[in-house]
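The basis for the numbers below is simple: all heavy atoms, side chains too, and nothing from hydrogens, waters or symmetry mates.
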Amino acid sequence: MKHGFIKAAAASPMIRVADPDYNADQIMESVRAAHRKGVKVLVFPELTLTGCTCYDLYTQRTLLDGAKRALVKLLEATNGLDMLILVGLPYLDGTRLYSCAAALYAGGLLGLVPRTEVAGTHFAAPDKTAREISIDGIYSTYLIPDTLFVSNCIPDLAVAVELGADMDAVNPPAVRHALGGATVIAQMASFPMTVASRAETEAAAKFQSRRLKCALITASPNKGESTTDNVYSGLCLVTENGVILAEEEKEADLAFTEIDVNYLANLRVRSGEFGAAEYPHFTPHWGAEPEKTTLTRYYSKNPHLPALASDVPAYCERLIDIQVSGLVKRMQYAGLDHCVVGISGGVDSTLCVMVCARAVKRLGLPSTNVVACTMPCFGTTSRTKSNAIVVAEQLGAEVRVIDIGEAVNKHFDDIGHARDDYSIAFENAQARERTQILMDIANEINGLDVGTEDLSEFIDGWCTYNGDHTSMYDVNMGVTKTQVRAAVKHIARTTEDQVLAGALWDVLDCPVTPELLPVTNDTIEQKSEENVGSYSLQDFFTHKMLICGFTPEKTFRLARIAYGDEFDDGELLKWLRSYCRRLFSQQFKRSCLMDGPAVEPFSVSPRSGFRLPSDGMDSLYLAQLDALEKELGLGK
């Protein structure tokens with residue numbers, strides 16, 4: 001349960017219609033299987049103890065009394081069990097019959113939650129006030145539709161229930177439950193199997209969980225139900241903020257995973273709409289002392305890309321279209337007809353020049369209105385220079401080769417900087433000279449200096465202030481290095497120009513480099529990732545810390561799962577420490593970034609993105625990493 005994880009499952013046992021005693025035994029088999037996996041929240045379908053296809057039998061006292069006895073049997077069998085279990089049964093209160101979810105914990109009955117949408121059934125609609133009830137004079141609890149089962153040991157974990165047709169209501173109970181504080185909604189379903197039922201349930205779960213920033217645990221009846229008019233499938237799934245984490249549609253199988261309620265709570269903090277006082281709920285508590293949850297869920301190394309490889313081509317085309325559309329609008333607004341791009345042979349400038357080529361084509365302008373400038377200097381290798389020129393020429397751009405070595409050396413002489421002093425001034429002077437050239441050419445030809453820096457480099461500050469940090473419009477500003485590489489790879493795979501494809505694959509094969517220090521033997525020696533770490537790993541940190549809002553400690557834990565095959569603990573801590581330091585120390589560069597389109601609902605734009613004080617302290621973040629280093633025995 002550490003870091004807000006809770007093991008959860010949906011179960012759909014093979015029951016027999018109108019046989020509560022037998023069904024209780026089947027439910028207990030699922031409970032035992034879930035307990036072996038460490039599950040703490042287990043959800044069954046509506047009317048699990050009797051079956052949802054009993055029809056007029058629901059009005060028979062024999063069945064109703066049998067369901068109560070079966071519930072007592074479950075309560076006795078789960079005594080002392082640290083698991084919130086939600087099972088369904090019909091319950092008669094006086095002369096009013098309800099379809100209820102019974103919440104069991106450690107042998108106690110926390111409450112009965114009645115279904116509210118009852119049209120066309122034998123069941124009554126409940127009042128919104130709590131009714132005290134007693135089962136066999138032993139188990140006393142309350143019957144009320146608006147109930148939150150609140151965890152004693154995990155902050156922000158509160159479970160609410162939707163039953164049957166409640167899920168399909170115009171204004172489903174899940175909405176008021178989520179606004180009232182529920183982070184997990186147990187959907188105890190009763191829908192039959194149709195040719196579209198799985199796809200429809202998946203789509204609804206994704207939409208509802210993302211809209212409400214919650215997790216859904218959905219359990220539907222299995223094939224043991226009556227086949228008089230329908231067949232049932234046992235579809236079970238667990239969905240978190242629009243992503244299906246676990247899914248099963250087999251006999252008596254669990255859909256099992258871990259839900260991250262800490263993540264859901266972080267999303268809600270930014271919204272400010274949840275936990276409102278105008279949505280009061282009855283709040284029984286449950287849960288024992290917290291324990292560490294062993295994670296089984298998958299964490300992608302590339303969270304900024306689609307989970308399915310088959311979705312990547314369309315994703316990349318949409319990403320590129322966002323960039324092109326932004327650039328086209330800016331050129332039209334400013335009355336400009338040329339794009340000016342500094343090309344280095346690196347992956348960022350390669351994507352940028354291809355975006356510019358598409359933009360001028362969309363504007364009906366000749367391809368030569370893209371002016372691609374390669375500006376070799378002390379650290380430029382023939383490989384990167386060649387790739388840059390080949391890509392630009394294959395796109396039909398005008399290529400200008402402008403050697404800046406003499407100008408930079410003259411500048412060194414003017415400011416009294418020794419030509420063999422390879423300090424930061426030596427590097428930055430080259431970047432600023434290139435920026436000056438690009439902007440001046442843009443002014444000269446009625447063009448726009450299109451920036452090439454990407455989101456990853458702005459986050460780690462791996463750019464020269466008022467050098468490559470600056471442009472007139474940056475199409476890569478909202479694109480991570482991972483996404484840039486994916487887009488270039490997509491074009492390399494789909495282009496019919498084999499010369500262009502060959503150059504693109506070689507660009508992708510080159511290490512990321514600023515090429516600012518002198519080279520020997522024409523080989524790339526200055527490699528960015530040796531200074532700031534793997535950009536793939538950095539993008540993972542960005543997703544977990546800045547988008548999900550996780551602590552450095554939790555981010556490290558998830559990085560071990562995703563990247564344990566590439567980096568040991570010491571390396572992960574080293575690069576996470578570097579990331580945290582640069583996140584704070586380089587904010588001054590992000591505070592004055594130029595315009596550029598976001599491609600995700602996240603950017604570091606000072607106008608709408610992730611904003612930090614330029615003089616904030618990193619002490620709390622580094623203290624967590626110090627403690628981790630000590631715990632892992634990695635300290636000096």
Side-chain angles (χ1 to χ4, degrees), residues 1-8 38 40-41 151 153-158 183-184 213-215 238 240-243 245 257-271 287 289-304 307 459-460 480 482 533-534 536-584 602 610 612 616-635:
M1 297 181 186
K2 189 176 181 181
H3 297 135
F5 289 106
I6 182 74
K7 287 188 179 289
K40 298 301 180 184
V41 179
S151 171
C153 56
I154 302 183
D156 305 308
L157 174 57
T183 47
V184 176
K213 298 176 176 57
C214 72
V238 182
E240 177 190 276
N241 191 43
V243 178
L245 302 179
T257 187
E258 296 85 34
I259 294 170
D260 189 348
V261 293
N262 170 242
Y263 169 48
L264 298 171
N266 289 347
L267 293 173
R268 291 182 172 193
V269 167
R270 297 174 186 179
S271 167
E289 289 297 315
E291 58 189 54
K292 186 170 181 179
T293 301
T294 302
L295 297 181
T296 62
R297 62 186 282 184
Y298 170 74
Y299 282 94
S300 170
K301 289 182 178 180
N302 301 308
H304 296 277
I459 287 177
D460 68 26
T480 66
T482 306
S534 157
S536 173
L537 184 59
Q538 281 196 68
D539 290 347
F540 183 89
F541 293 158
T542 294
H543 187 271
K544 302 310 171 196
M545 290 186 62
L546 303 190
I547 296 178
C548 297
F550 295 162
T551 62
E553 181 186 26
K554 183 171 180 178
T555 299
F556 172 78
R557 181 183 181 185
L558 302 184
R560 289 175 96 183
I561 295 172
Y563 280 90
D565 61 336
E566 286 188 41
F567 302 99
D568 61 31
D569 288 350
E571 291 172 315
L572 288 175
L573 275 173
K574 170 187 173 181
W575 295 124
L576 184 52
R577 187 184 299 277
S578 170
Y579 181 89
C580 290
R581 283 174 170 160
R582 299 184 72 88
L583 178 64
F584 284 87
F602 172 82
F610 184 81
L612 290 176
M617 300 300 295
D618 58 16
S619 308
L620 290 173
Y621 291 73
L622 299 184
Q624 280 196 15
L625 299 179
D626 290 342
L628 265 176
E629 190 173 60
K630 184 176 181 181
E631 178 185 331
L632 296 169
L634 297 173

### Message
Working to the nearest 0.5 angstrom, can you tell me the gap between Phe550 CZ and Met545 CE?
### Response
11.0 Å

### Message
Strictly distance-based, threshold 3.5 Å: is any side-chain N or O of Thr293 a donor or acceptor partner for the main-chain N or O of Ile6?
### Response
no

#### Entry: Distance, nearest 0.5 Å, that separates OG1 of Thr555 from CG of Leu572
11.5 Å

### Task
Quick one: closest heavy-atom pair of Pro552 and Leu576, and the distance?
O-CD2, 3.4 Å

### Query
Between the main-chain N or O of Cys548 and the side-chain N or O of His543, is there a donor-acceptor pair closer than 3.5 Å?
no

### Message
Determine whether a donor-acceptor pair (N or O, by modelled atom type, separation under 3.5 Å) exists between the side chain of Asp568 and the backbone of Gly570.
### Response
yes

### Asp569 vs Glu629, side-chain contact (heavy atoms from CB on, under 4.5 Å): CA-CA, chis, key distance, verdict
CA-CA 9 Å; Asp569 288 350; Glu629 190 173 60; over 6 Å; no

### Query
With no hydrogens and no angle check, do the side chains of Ser534 and Tyr563 hold a donor and an acceptor under 3.5 Å apart?
no

### Task
Would you sort out whether Phe610 and Leu612 count as a side-chain contact (heavy atoms from CB on, under 4.5 Å), showing the intermediate values?
CA-CA 7 Å; Phe610 184 81; Leu612 290 176; 3.5 Å; yes

### Query
Which residues pass the side chain to side chain donor-acceptor pair (under 3.5 Å) test with Thr296, sequence neighbours left out?
Glu258

### Task
Begin from the C-alpha positions of Asp460 and Tyr579 and carry the test side-chain hydrogen bond (donor to acceptor under 3.5 Å, both in side chains) through to its verdict.
CA-CA 7 Å; Asp460 68 26; Tyr579 181 89; over 6 Å; no

### Approximate separation, where rounding is to 0.5 Å, of Leu245 CG and Tyr298 OH
13.0 Å

### Query
Leu546 and Arg270: which non-hydrogen atoms are nearest, and at how many Å?
O-NH2, 3.0 Å

### Task
Please state whether the rings of Phe5 and Tyr299 are parallel, tilted or perpendicular, taking 30° and 60° as the class boundaries.
perpendicular

### Least distance between heavy atoms, Thr482 atom then Ser536 atom
OG1-CA, 4.1 Å

### Task
Check whether any side-chain heavy atom of Leu264 sits under 4.5 Å from a side-chain heavy atom of Asp156, and report yes or no.
no

#### Entry: Within 45° cone of Phe540 ring axis and under 6.0 Å: Lys301 NZ or CZ
no

### Flag side-chain contact, heavy atom, 4.5 Å: Val261 against Ile154
yes

#### Entry: Point-to-point distance, once rounded to the nearest 0.5 Å, from CZ of Arg560 to CG of Leu632
5.5 Å

### Message
Which residues pass the salt bridge (Lys or Arg N to Asp or Glu O under 4.0 Å) test with Arg581, not counting sequence neighbours?
### Response
none

### Query
Between Lys554 and Asn262, is any side-chain donor less than 3.5 angstrom from a side-chain acceptor?
yes

### Message
Quick one, Cys214 with Asn241, criterion side-chain contact (heavy atoms from CB on, under 4.5 Å). Give me CA distance, side-chain angles, the key distance, then yes/no.
### Response
CA-CA 6 Å; Cys214 72; Asn241 191 43; over 6 Å; no

### Task
Determine the minimum heavy-atom distance between Ala215 and Ile259, stating which atoms define it.
CB-CG2, 3.6 Å

### Message
Could you measure the distance from the CZ atom of Phe556 to the NE2 atom of His3? Nearest 0.5 Å is fine.
### Response
10.5 Å

### Interatomic distance, Phe567 atom CZ to Trp575 atom CH2 [nearest 0.5 angstrom]
8.5 Å

### Message
If the threshold is 4.0 Å, N to carboxylate O, is there a salt bridge linking Arg297 and Asp260?
### Response
no

### Task
Dump the intermediate steps for side-chain contact (heavy atoms from CB on, under 4.5 Å) on Thr542 and Leu583, then the final yes or no.
CA-CA 10 Å; Thr542 294; Leu583 178 64; over 6 Å; no

### Query
Between the side chain of Asn266 and the main-chain N/O of Gly549, is any donor-acceptor distance below 3.5 Å?
yes

### Query
Can you name the closest pair of heavy atoms from Lys213 and Ser271 and give their distance?
CE-CB, 4.2 Å

### For Tyr621, all residues meeting ring-ring contact (aromatic ring centres under 6.0 Å, His included), sequence neighbours excluded
Phe584

